[in-house]
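Sequence positions, counted from 1, serve as the residue numbers for this chain. This is a predicted model, so every value here is computed, not measured.
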Amino acid sequence: MKKATGIILGCLVVAGVGGLGYGIVNRMQAPAVTTSAALPDIVISAAVPQQGSLEQTTSFIGTVEPDESVQVFPKVSGTVLRTYYEVGQTVKKGDLLYELDPTDIQLQYDIAAAQVQTSRVQASQQLGSGYDSNLLALKAQLSSAQANLNSARTNLRNYNDDEDDRVIRAEKVRDKAQADLKAVGEELENLDKLSEEEIKNKYGHSKTAEEVRKDLLAQELKYQDQYMAARDEVNNLEDDDDPTLRSYRTAYRNAQIAYDSARNAYNLASGLSYEDTQATVEAGLNAAEVGLRAQAKQLEYTKVYAPIDGVIEQKNVSDNNPNPTGTPAYVVSNKSMMTVRFAVSETVVTNLEVGDTIEIENGGRSVPGTILEIPTAVNPQSGLFNIKASVDSDDILLHTGVSVKIYATTRKANDSIVISQDCLYYDAEQPYVYVYKDGKAIKTEVKTGVSSETQIEITEGLSATDQVITSWHPRLLDGAAVVLQDAGKEVAVSAPADQAEPVESSDSSEVASSESSDAQ
C-alpha cells in the first residue's frame with residue numbers, strides 16, 4: 001500500500017516546490033511586462049473531466065486479540081494443591097488446570113452428611129415412636145446442640161482474645177439493616193391498600209398518604225445505605241481473615257445452625273398433631289439434604305477445569321500457595337481465529353460497514369481482514385468507536401496484545417466527476433480550476449471531495465462537458481485569451497477510475513485536507 005504524503009500536494013504542481021510556489025502564483029496574478037514586443041500566444045491543453053470512482057484510505061493503530069479468551073477464577077478459596085499446565089501449552093475444554101486443597105471443604109461436607117443422617121434418624125424416631133420419647137430425644141438433641149454452640153463460641157472468642165468475633169458482629173448489623181429495609185419495603189407496598197382513616201390511625205392524623213410515602217421512601221433509602229455499608233464491612237473483614245479464624249467462624253456458624261434447628265424442632269414438637277410433626281420432620285430432612293448437596297458442589301469446585309479449547313496465555317497460581325484474589329488463576333485463549341480492535345471517530349464510523357475489507361500490517365508484512373462488529377456507542381474513556389475485525393490469513397504470526405497498523409477505506413466517491421490533482425489551484429483555501437470557453441481561460445471555483453495521490457473528486461462547480469485546462473502557463477489568468485492546442489481532440493482529464501490507486505490518509509482518524517475542502 002502507498003503511504004500518504006499529503007492529499008493536496010499533488011494539486012500544487014503548478015506552484016512549484018516550497019517557496020517557489022509563492023513567486024509563481026504572484027507571476028500568475030500579475031505577470032510583468034518588460035518589453036513592448038508582442039507576447040506569444042498562451043497555448044494550453046484542455047480536456048473534459050472523467051466520470052469515475054475514488055476511494056480514500058485511512059490508517060489506524062489496532063491491537064491483536066483472540067476471538068475467544070476466558071479468565072478462569074475459582075469459585076472457592078483455598079491453597080493450591082497442584083497445577084497441571086504452564087503458559088504456552090494447549091488445553092482442551094474440560095482438562096484439569098489445577099486443584100485446591102479440599103481438606104476444609106471436605107470437613108464441611110462430612111458435617112453436612114452427618115446432619116442428613118441425624119435428620120433421617122430423627123424422622124424415624126419422631127414418626128415411628130410415641131410423642132413423649134420423641135420429645136425427650138429432641139430435648140437431648142437441643143442440649144447437645146447448645147453444648148456444641150457454646151464450645152464453638154468459646155473457641156472463636158479465645159482465638160479473638162476474649163472478644164466477640166468482628167465478622168459475626170458485622171453480620172448482625174448487616175442482618176438488622178436488611179430486616180429494617182425489608183420491613184419498610186413491605187410498608188410501602190401495603191400503603192396503597194390502606195384507607196385514609198387507616199393511614200391516619202397508623203401514622204398520625206396530621207399525615208397525608210403522600211407525606212407518609214415520602215417518609216417511608218426516606219427511611220428505605222437510609223436502611224439501604226446502612227445495609228450496603230454493613231455488607232461491604234462484612235466482605236472486607238472476611239477478606240482479611242486467616243484460614244484458622246475462618247475455620248473457627250465456620251464451626252460457630254454451623255453450630256448456630258444446628259442449635260436453631262434443634263430448638264425449632266423441640267418447640268414445634270410440643271402439642272403438634274402427627275401431620276404437623278410429619279411436615280416438620282420432612283422439611284428438616286429436606287433442608288439437611290440441600291445443605292449436603294451444597295457442600296458437595298463446593299467440593300467439586302476445588303478442581304478447576306479449562307472452560308474452552310485453547311492456549312494458556314497467563315498463569316497466576318503455583319503449588320502450595322494461596323489462590324490469588326482479584327486476578328485470574330489462568331487465562332485461556334482460543335486462537336483459531338485472531339481479531340484486531342481499533343478505535344475510530346464518529347466521522348469515520350459512518351463510512352464503515354460490517355463486511356468491509358481492511359488491511360493489517362505488522363513487521364512490514366500485510367494480511368487481509370474483515371470488519372466483524374461496529375458498535376453503536378462510543379467507548380466512554382476514549383470517546384471513540386471500538387471496531388472489531390477478523391484476521392483472514394495465517395501468513396504472519398500475530399501475538400495477543402501486539403500493535404498493528406490498520407488500513408481501512410473511510411471515504412468513497414462513486415460515479416463522480418474526477419479530475420487530476422495537477423489541474424487544481426488554490427486561492428487561500430478556496431480551490432479552483434481554469435475552464436476553456438470561447439478562446440478564454442475562465443477561473444471557476446469548485447468544491448472537492450474524496451482524493452487520491454493523483455486524482456480528486458469535484459462535487460460542485462464543473463459539469464461533465466466542461467473543458468478543464470490541464471496545462472500551466474505563467475500568464476494564465478482569469479479571462480486571458482488562450483489558444484487550445486490540438487483543438488477538436490477530447491482527452492480525459494484523469495485516468496479511468498479502475499486504474500486509480502487508493503491512498504491512505506496521514507491522519508489516523510480524519511483526512512484534514514479533504515475535510516477542509518468540503519467545508520468551503
Does [X] come within less than 4.0 Å of [Y], counting only side-chain N to carboxylate O?
X	Y	answer
Lys315	Glu86	yes
Arg213	Glu220	no
Asp225	Lys222	no

- What do you reckon, is OH of Tyr109 surrounded by more than 12 foreign heavy atoms closer than 6.0 Å? no
Looking only at the side chains, is there a donor atom on one of [X] and [Y] sitting less than 3.5 Å from an acceptor on the other?
X	Y	result
Glu300	Tyr305	no
Asn254	Gln108	yes
Tyr223	Gln178	no
Thr83	Asp319	yes
Ser318	Asn321	yes
Glu186	Asn190	no
Glu282	Asn286	no
Ser416	Glu457	yes
Ser77	Asn323	no

Quick one: closest heavy-atom pair of [X] and [Y], and the distance?
X	Y	answer
Lys303	Leu96	CB-CD1, 3.8 Å
Ala209	Ile199	CB-CD1, 3.8 Å
Ala408	Ile358	CB-CG2, 3.9 Å
Ile374	Val349	CG2-CG2, 3.5 Å
Leu384	Ser345	CD2-CA, 3.8 Å
Val317	Ala329	CG1-CB, 3.6 Å

With a 4.5 Å cut-off on side-chain heavy atoms, are [Y] and [X] touching?
X	Y	result
Asp356	Thr409	no
Leu352	Ile371	yes
Thr302	Asp101	no

- Query: Under the side-chain hydrogen bond (donor to acceptor under 3.5 Å, both in side chains) criterion, do Gln219 and Asp215 qualify, and how do the steps go?
  - Reply: CA-CA 6 Å; Gln219 291 180 35; Asp215 291 343; over 6 Å; no
- Asp67 and Thr339: side-chain hydrogen bond (donor to acceptor under 3.5 Å, both in side chains), yes or no, with the steps? CA-CA 6 Å; Asp67 185 50; Thr339 63; 5.0 Å; no
- Query: For Val367, which of Asp394, Val404, Val391 qualifies under side chain to side chain contact (heavy atoms under 4.5 Å, CB included)?
  - Reply: Val391
- Does the pair Thr400 and Glu65 meet the rule for a side-chain hydrogen bond (donor to acceptor under 3.5 Å, both in side chains), with working shown? CA-CA 5 Å; Thr400 301; Glu65 59 186 37; over 6 Å; no
- Message: Run the side-chain hydrogen bond (donor to acceptor under 3.5 Å, both in side chains) test on Tyr84 and Glu99 for me, step by step, so that the C-alpha distance in whole Å, both residues' side-chain angles and the decisive distance to 0.1 Å come before the verdict.
- Response: CA-CA 9 Å; Tyr84 297 97; Glu99 295 181 77; 2.3 Å; yes
- For the side chain of Thr118 and the backbone of Ala114, is there at least one donor-acceptor N/O pair under 3.5 Å apart?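 Here the side-chain-to-backbone pair exists.
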